[in-house]
Amino acid sequence: MLDKTYPQSDLARRSLKSVWHPCTQMQHHDTVPLVPVSYGRGAWLYDADGKRYLDAISSWWVNLFGHANPRINAALKEQLDKLEHAMLAGFTHEPVVRLSECLAARTGNVLGHCFFASDGASAVEIALKMSFHAWRNAGHGAKQEFVCLQGSYHGETIGALAVTDVALFRDAYGPLLRPAHVVMSPDARAAQDGETAADVARRAAVALESLLRQRAKHIAAVIIEPLVQCATGMAMHDPVYLSEVRALCDRYQVHLIFDEIAVGCGRTGTFFACEQAAAIGTDGAPVWPDLVCLSKGISGGYLPLSLVMTTDAIYQAFYDADMTRGFLHSHSYTGNPLACRAALATLEIFEQDDVLNANQVRAQRITAGLDELANHAQVRNFRQRGMIWAFDAAIDDPAARARFSQRFFIKALESELLLRPIGRTVYLMPPYILDEAECELLAARTTAVFESVVAHA
Ligand SMILES: *Cc1c(COP(=O)(O)O)cnc(C)c1O
């Protein structure tokens, strides 16, 4: 099937014996190399032989400011000598307080209460439980259902998987899951003759409204990945969708959850993706959800950390003398000081380096470099938002798509790029530190890899 069989390095062979790798059919490594990383510097990962790979997908979208970032390293070393961890029930510490304050300030204190966990899926579980329990405490115990979008991805624990609509991850576990309502995605690629992306977004909002009209009494929350549904293959939509959904959730008394685990932390051009949507009936005020989930980039890609931010209204629904009306959810490492300190150092870099503006220049450079690719005869739906680029290879046969993505991954490695297409969708999600030469290298080599792979497809 593939051009050649790859010899695995020593470390890779030991790993394949003892480490069960994530999101992997282990047998594929009979023909696909497992890369033994020995260290990272900036945007590059190096293997034991000194071969380097540009981390063009930020190591699963987490690394914002490069590997071994001197400022984050320094903050962590200082924190390590002060406090590595203490439990967060009955105790608190400076890093978790400062981080909560900084993030709340970025929402104008609309989302002023932060609840911490360690990974994205747990943040989604927390948001779903918090929504249900807040309604229950308010005397609306019948609100037990959730709504998600076609192609949604919210993580792979049992609760998060129930609001995930990616067949590859969900189907095997279907019998274990409590079904959610799955409504039309506002994916701009669904545009019919003459429709704009905003038209598709409005059509999707109408579909959501017809569900809410019938079922809102039983629905606790709608959960959405704002602007880009990443894991399904970088499906992008018009911000007006978020404005419409906010208005619908208000009208039908349903919570709105924004899962900004992938799109938050500047990835789409604003710190929170939802800042690009204007609330209806305001002078361009952002659309804020009732609950927002953050993870991935928040610690700069250093340590597992996630959190859910919410409003005074939801917080107050739990505030009571009665223990059982409290939100009793907990994880052992909640609010880990090292992870919070890495997050604070990450937020400081956003300020010190004026990152959101600098990324606009970076993004223009990469987009210009990809111009030839965007117009390639075998490229469909070239799209970009902030620091995300994606396009679909014109390959319709499902088996050919799988071959394409594997071959692309290998060819990219040969060109010193870490890129991992989702089926026929190739995407770039680089860290926010690429210099001019790295932007050009990334664009030129992605183009060359694509041309060589489609030539042999
Ligand atoms: C990655 C991701 C998750 C899950 O986060 P994990 O840390 O992998 O559990 C949830 N939602 C979105 C949108 C994601 O991209």
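One-based numbering, in listed order, for ligands and for the atoms of each. For clarity, every value in this text was computed on a predicted model and none was experimentally measured.
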Does Met387 reach the side chain of Leu428, with side-chain heavy atoms less than 4.5 Å apart?
no
Under the 3.5 angstrom rule, does the side chain of Glu260 hit a backbone N or O of Cys274 as a donor-acceptor pair?
yes
Counting only heavy atoms not in Arg189 (residues, nucleotides, ligands), do more than 12 fall under 6.0 Å from its CZ?
yes
What does the list of residues with a heavy atom under 4.0 Å from ligand 1 look like, ordered by chain and number?
Trp61, Asp119, Gly120, Ala121, Tyr153, His154, Gly155, Glu225, Asp259, Ile261, Ala262, Lys296
State plainly whether the residues Glu275 and Arg106 are in salt-bridge range, i.e. N to O under 4.0 Å.
no
May I ask you to decide if the ring planes of Phe450 and Phe408 are parallel, tilted or perpendicular, using 30° and 60° as cut-offs?
tilted
On a heavy-atom basis, the closest approach of Val308 and Cys293 is CG2-SG, 4.3 Å
